[in-house]
There are 2 protein chains.
Amino acid sequence: MDGKKITLKDIAQATGLSVNTVSRALKDKEDIAEATRKMIQGVAKEMGYVGNSLAGSLRSGLTRTIAVIVGDVANPHFAIMVKDIEKAARKHNYTIIVLNTEEDNELEERAIYTAIGKNVDGIIICPAQHSPDNIRFIQRNGVPFVLLGRRFEGETDFDYVISDDFNGGYLATRHLLENGHEKILLLNGPSRISSARERLAGYKHALKERGIPVVSKLITENGVLTGDARKTVKDLAAEDAGFTAIFAFNDVFAWEAIYMLRKMGHRVPEDYAVIGFDNIQSRNFFPFSLSSISNSKSKMSRRALDILLNKINNPKSGNRYHETVETRLILRESTRSHA
Amino acid sequence: MDGKKITLKDIAQATGLSVNTVSRALKDKEDIAEATRKMIQGVAKEMGYVGNSLAGSLRSGLTRTIAVIVGDVANPHFAIMVKDIEKAARKHNYTIIVLNTEEDNELEERAIYTAIGKNVDGIIICPAQHSPDNIRFIQRNGVPFVLLGRRFEGETDFDYVISDDFNGGYLATRHLLENGHEKILLLNGPSRISSARERLAGYKHALKERGIPVVSKLITENGVLTGDARKTVKDLAAEDAGFTAIFAFNDVFAWEAIYMLRKMGHRVPEDYAVIGFDNIQSRNFFPFSLSSISNSKSKMSRRALDILLNKINNPKSGNRYHETVETRLILRESTRSHA
DNA sequence: TTGTACGCGTTATCAT
DNA sequence: ATGATAACGCGTACAA
């Protein structure tokens, strides 16, 4: 029952034909006797032949595999996008390999190295952004790639699909301002990350538009995988820093913030309004209702894949793809106003 | 800037040495002049050589890649396990490809076919369980595999790592009973799935132990990816089926149940107690505090990988691995009692 | 209609 | 210490 892998050679031996007659029969080529073909296909099926795409890939240089490199698949934001990418890729007969960088530069480098070594046809990467060098390395190797969700402002020849983070930051902040909050804690991500910088810019813009001063103490940077956000909220709330609302870099931070505030005996939204980013709840029916900025993860994922496939199929087109997907304000209870 | 892939041949030409000297120098073999090695490694680095593991794989028959096949990576339960597996695999220099079955038989078959075609060294799969045939197909191809989280009772030669679902079902139900609930809605998964059947058995056992009748109307099956759970809760709560507590197949169902109940104007835990399964909140700090059954996802993931690596490295050992990881009751507010 | 020969990039073996 | 050759499994071009 328990067998070894069947090769064309095995089938050739079994049928007394040559390897490549078998090969062509299985690929439904024309120049083969109908009877022979049926016979070979029957034997192949019976023997459980699966084929070895490796061998073909070595020849063609194509693997029909793409690498998806993200910070952490366990983060729902990435999990959703990875799922979307896998689904779209499957439609085009592509398979994905998933690599986590843990937002670390060396792990990112290693992930890229692995991907290239496995001869993936393309790479979709949410860069950790410690520097553009890792991405340049992809480029140097001639492997098509698309950045997902983050970009390098200085590198105009890196293609990307991002969401409109500036606008998202602006919308979230303006919403809180309109509800009467003037001291807004920005629970931001690390400033090396473009989306964090752009959300911050949106935040500042909203404040300036209303003539509200930007308080640097209320602008905090938090590691994405470290639990920093909880500590920040805890410390600032404990010392009574005066804020009445929180704009979080992502929904995970927002959840942590609310978790911590409640643990400290505060109420949301009564004592503190909280808004997140990513709108994870568009897919999950959580018992808790968190206002958030929607960034169309499906659209981003599918678009990134389309662009990548385009680049794979038209290697020399030289088209530049710098795409920004809209962001929208989604109001739920965590920022409900109390007139 | 934008280059082609560098091969050993390129380096050989650049250095005037033979392909195979270059190969050995890069692999730090002994029988090579120290100076030559340094030189070659220098040139390789400068040219950005990455190597083509495909070619090596063709020779060795090993890809250092394993396939992880799950229902849906966007489900946090799977997302967490995929992350854990990737991390553990990385330590052993393995890469993972991720395939979603969407709990569908044909997609599962296709996923397995793809995995085998790509010559993965092994497969970790959470089977959709429409039948054992797909798994038998893996076996027939001689590819090592481990079932994760589900098993086929009749197939003793399928290795698996599962959680103690019977006990989990028992613990959850007993807890609700101890809090005075006698009509407990079981928001279960599809009965083809072993974990659903085993949790049901635990549920029944707890009821019988207390002499509480099993009401078949309160035992419901719900598709894992379909939103059935919401509808079930809505319908049964609307017709006033008399239950006062819910034991959900997983945390996702539990969230949906609470979402729906609240939407209908009910309170949790005051009107309905709800307990889930998977204890997603061991990793995420959600604002909502859901009682759940913990099933040690890390332990399961890591163990599944260890077993798989064992099977890969000792192909003929013939060891059988049937492992059950403990489940524990985690109490939070969604089942808080009101004495 | 079918078979033979060669190449993809790498590595193991054997020769120099 | 280094080079030549064969082999992995398949596909393509060409020969029979």
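Please read these numbers as outputs of a predicted model, since none were measured by experiment.
As rounded to whole Å, 11 Å separates atom P of C/dT11 from atom CD1 of B/Ile11. Atom CZ in B/Arg24 sits roughly 10 Å away from atom P in D/dA1 (whole-Å rounding). Put simply, NZ on B/Lys27 is 12 Å from P on C/dT13, counting in whole angstrom units. Nucleotide C/dT1 holds its P atom 15 Å from the CE atom of A/Met39, rounded to whole Å. When rounded to the nearest whole Å, the span between CG of A/Leu17 and C1' of C/dT1 equals 11 Å. The nearest whole Å value for the distance from the NZ atom in B/Lys38 to the C1' atom in D/dA1 is 17 Å. Rounded to whole Å, the distance from CG on A/Leu26 to P on D/dG9 is 16 Å. Summarising the geometry, the separation between CD on B/Glu30 and P on D/dT2 is reported as 13 Å, rounded to the nearest angstrom.
Across all strands shown, A/Gly61 has no heavy atoms under 4.0 Å from either base or sugar-phosphate atoms. Within 4.0 Å (heavy atoms only), B/Thr7 reaches sugar-phosphate atoms of the nucleic acid but no base atom. Residue contacts for B/Ser60: at a heavy-atom cut-off of 4.0 Å it reaches no nucleic acid atom on any strand shown.
Proximity note for A/Tyr49 (side chain, C-beta onward) versus C/dT11, C/dT2, D/dC10: the nearest is D/dC10. Checking D/dA1, D/dG11, C/dT2 against every side-chain atom of A/Asp31, the shortest atom distance belongs to C/dT2.
Remark: A/Thr21 is not in phosphate contact with C/dT2, judged by side-chain N or O atoms under 4.0 Å from OP1 or OP2. In this structure, B/Ser23 does not reach the C/dT10 phosphate: none of its side-chain N or O atoms is under 4.0 Å from OP1 or OP2. Not one side-chain nitrogen or oxygen of B/Lys29 sits closer than 4.0 Å to the OP1 or OP2 atom of D/dT2.
Ion pairing between a basic and an acidic side chain is recognised when a charged N comes within 4.0 Å of a carboxylate O; B/Arg150 and B/Glu103 show such pairing. Using a 4.0 Å cut-off between charged nitrogen and carboxylate oxygen, A/Glu86 and A/Arg90 count as a salt-bridge pair. For the pair A/Asp28 and A/Arg37, the salt-bridge criterion is met [side-chain N within less than 4.0 Å of a carboxylate O].
For B/Glu46, the CD atom is loosely surrounded, since the number of other residues' heavy atoms within 6.0 Å does not exceed 12.
Relative orientation of the A/Phe158 and A/Phe145 rings is perpendicular, given thresholds of 30° and 60° on the angle between their planes.
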Go through A/Thr65 and B/Lys118 one step at a time and tell me if the side-chain hydrogen bond (donor to acceptor under 3.5 Å, both in side chains) criterion holds.
-> CA-CA 10 Å; A/Thr65 300; B/Lys118 296 216 181 260; 2.8 Å; yes
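Judged by distance alone, the side chains of B/Thr63 and B/Asn119 never bring a donor and an acceptor atom under 3.5 Å apart. Side chains of A/Ser298 and A/Ser301: no donor on one and acceptor on the other come within 3.5 Å. Checking B/Asn319 against B/Asn310 by side-chain atom types alone, no donor-acceptor pair falls below 3.5 Å.
The base of D/dT12 sits with one of its N or O atoms less than 3.5 Å from a complementary donor or acceptor on the side chain of A/Asn20.
The shortest non-hydrogen separation linking A/Gly51 to A/Lys5 is O-NZ, 2.9 Å.
Summary of helix geometry: the two end axes of the helix from C/dT1-D/dA16 to C/dT16-D/dA1, each defined by five base pairs via their C1' atoms, are inclined to each other by 50° (rounded to 10°).
Less than 4.0 Å separates DNA chain C from at least one heavy atom of each of the following residues of residues 52-59 of chain B: B/Asn52, B/Ala55, B/Gly56, B/Arg59.
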